[in-house]
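Have a look at the structure below, then the notes.
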Amino acid sequence: MSKLWSDKRWSKKKTSSAACAVCGCELSEEDSIEKDGQILCEDCYIESSHKIQACDPWAVRSKKIFREEAGLEGTEGLTELQKAIYDFIVSRGGAKKEEIAEKFGISARETENQFALLRHCELVKGQKRTDGVYLVPFEVR
């Protein structure tokens, strides 16, 4: 039995026991999701499908209005992970995305998503340096 969603690119299938192609976890029949020919667990499927855009003027505007109305400043209202990432960036004067992923044990996609959320709050931004792109504190001018 399979249930095919409207985009026709992935389906949630009842199959025999399998392992996730990304993380390797064992999956029961009802927990496996097939996407682009790969069997994925729900977490890996969500991570592969949901990228938050960092450069999104409407997201920045919405986040700014929300934070102002809620009376949030600085790192108030952030998750513990977001606060830790922000503090790490500030303490070093900048950090590469790879360094952040390694330090906090998160995937490259999750690092991108966390950066996008911090960027929407105007707390960090990207900066090109001679040895790559760094995430640095957002400077208010």
Side-chain angles (χ1 to χ4, degrees), residues 1-70 72-141:
M1 170 187 255
S2 73
K3 185 171 183 180
L4 192 58
W5 275 255
S6 61
D7 70 5
K8 305 284 186 206
R9 290 180 295 172
W10 71 276
S11 61
K12 189 164 184 169
K13 290 188 169 191
K14 286 193 172 190
T15 61
S16 61
S17 178
C20 175
V22 176
C23 71
C25 73
E26 287 296 317
L27 301 169
S28 63
E29 292 179 18
E30 61 272 0
D31 291 332
S32 66
I33 299 171
E34 184 180 321
K35 180 181 182 217
D36 300 329
Q38 291 186 314
I39 301 295
L40 304 174
C41 66
E42 187 173 1
D43 290 340
C44 291
Y45 169 75
I46 289 170
E47 186 169 320
S48 72
S49 303
H50 295 86
K51 181 175 188 257
I52 302 169
Q53 297 296 318
C55 298
D56 182 345
W58 284 109
V60 172
R61 178 172 163 67
S62 296
K63 183 66 82 171
K64 189 173 189 173
I65 290 169
F66 170 79
R67 289 176 59 80
E68 284 174 359
E69 288 179 358
L72 301 173
E73 295 180 2
T75 61
E76 294 175 348
L78 299 180
T79 66
E80 292 304 314
L81 175 61
Q82 291 164 347
K83 288 178 187 177
I85 291 171
Y86 178 75
D87 291 341
F88 179 70
I89 292 167
V90 170
S91 72
R92 296 179 48 148
K96 291 183 176 182
K97 291 176 187 173
E98 299 82 17
E99 296 170 329
I100 294 168
E102 184 178 327
K103 167 81 175 162
F104 296 99
I106 57 176
S107 68
R109 174 63 59 96
E110 182 62 19
T111 304
E112 288 282 342
N113 286 342
Q114 295 301 324
F115 164 63
L117 294 167
L118 292 169
R119 173 64 186 86
H120 295 167
C121 293
E122 297 185 327
L123 293 173
V124 299
K125 64 181 180 178
Q127 180 184 71
K128 288 185 182 178
R129 296 183 181 173
T130 56
D131 62 336
V133 177
Y134 283 73
L135 304 185
V136 298
F138 196 90
E139 300 169 79
V140 181
R141 296 182 184 201

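Side-chain atoms of Val124 and Pro137, non-hydrogen and from C-beta on, never get closer than 4.5 Å to each other. At a threshold of 4.5 Å between non-hydrogen side-chain atoms, the residues Gln127 and Val133 do not count as touching.
A donor-acceptor pair shorter than 3.5 Å can be found between the side chains of Glu110 and Gln114.
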> Could you walk me through whether Glu99 and Arg92 pass the salt bridge (charged side-chain N to carboxylate O under 4.0 Å, His left out) check?
Replying inline: CA-CA 11 Å; Glu99 296 170 329; Arg92 296 179 48 148; 3.3 Å; yes

> Where do Lys96 and Leu135 land on the side chain to side chain contact (heavy atoms under 4.5 Å, CB included) test, with the steps shown first?
Replying inline: CA-CA 6 Å; Lys96 291 183 176 182; Leu135 304 185; over 6 Å; no

>> Applying side chain to side chain contact (heavy atoms under 4.5 Å, CB included) to Val22 and Tyr45, what does each step give before you reach the verdict?
In response: CA-CA 9 Å; Val22 176; Tyr45 169 75; over 6 Å; no

> Taking it one step at a time, do Leu40 and Glu34 satisfy side chain to side chain contact (heavy atoms under 4.5 Å, CB included)?
Replying inline: CA-CA 6 Å; Leu40 304 174; Glu34 184 180 321; over 6 Å; no

> Step by step, would you call Ile85 with Lys103 a side chain to side chain contact (heavy atoms under 4.5 Å, CB included)?
Replying inline: CA-CA 9 Å; Ile85 291 171; Lys103 167 81 175 162; over 6 Å; no

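Between atom NZ of residue Lys83 and atom CG of residue Leu123 there is a gap of 11.5 Å, rounded to the nearest 0.5 Å. In this structure, the separation between OH on Tyr86 and CG on Leu118 is 9.0 Å, given to the nearest 0.5 Å. A distance of 13.0 Å separates CD in Glu69 from CZ in Arg67, rounded to the nearest 0.5 Å. Note that CD of Glu98 is 9.0 Å distant from CD1 of Ile100, once rounded to the nearest 0.5 Å.
Atom CZ of Phe104 has more than 12 neighbouring heavy atoms from other residues, nucleotides or ligands inside a 6.0 Å radius. The number of heavy atoms from other shown groups lying within 6.0 Å of CD (Glu102) does not exceed 12.
Between Cys41 and Cys20, the shortest heavy-atom contact is N-SG, 3.4 Å. Nearest heavy-atom pair across Ser32 and Ile39 is CB-CG2, 3.7 Å. The heavy-atom pair separating Ala59 from His120 by the smallest distance is CB-CE1, 3.5 Å. Considering all non-hydrogen atoms of both residues, Leu81 and Ile106 come closest at CD2-CG2, 4.4 Å. Of all non-hydrogen atoms in Ile89 and Ala95, the two that sit nearest each other are CG1-CB, 4.5 Å. The two residues Val136 and Gly93 have their closest heavy-atom pair at CG1-O, 3.8 Å.
Applying the side chain to side chain contact (heavy atoms under 4.5 Å, CB included) test to Ser62 and every residue at least two apart in sequence or in another chain returns nothing.
With hydrogens and angles ignored, the 3.5 Å screen pairs no side-chain donor or acceptor of Lys64 with any backbone N or O of Glu122. No side-chain donor-acceptor contact under 3.5 Å links Arg119 to the backbone of Gly126.
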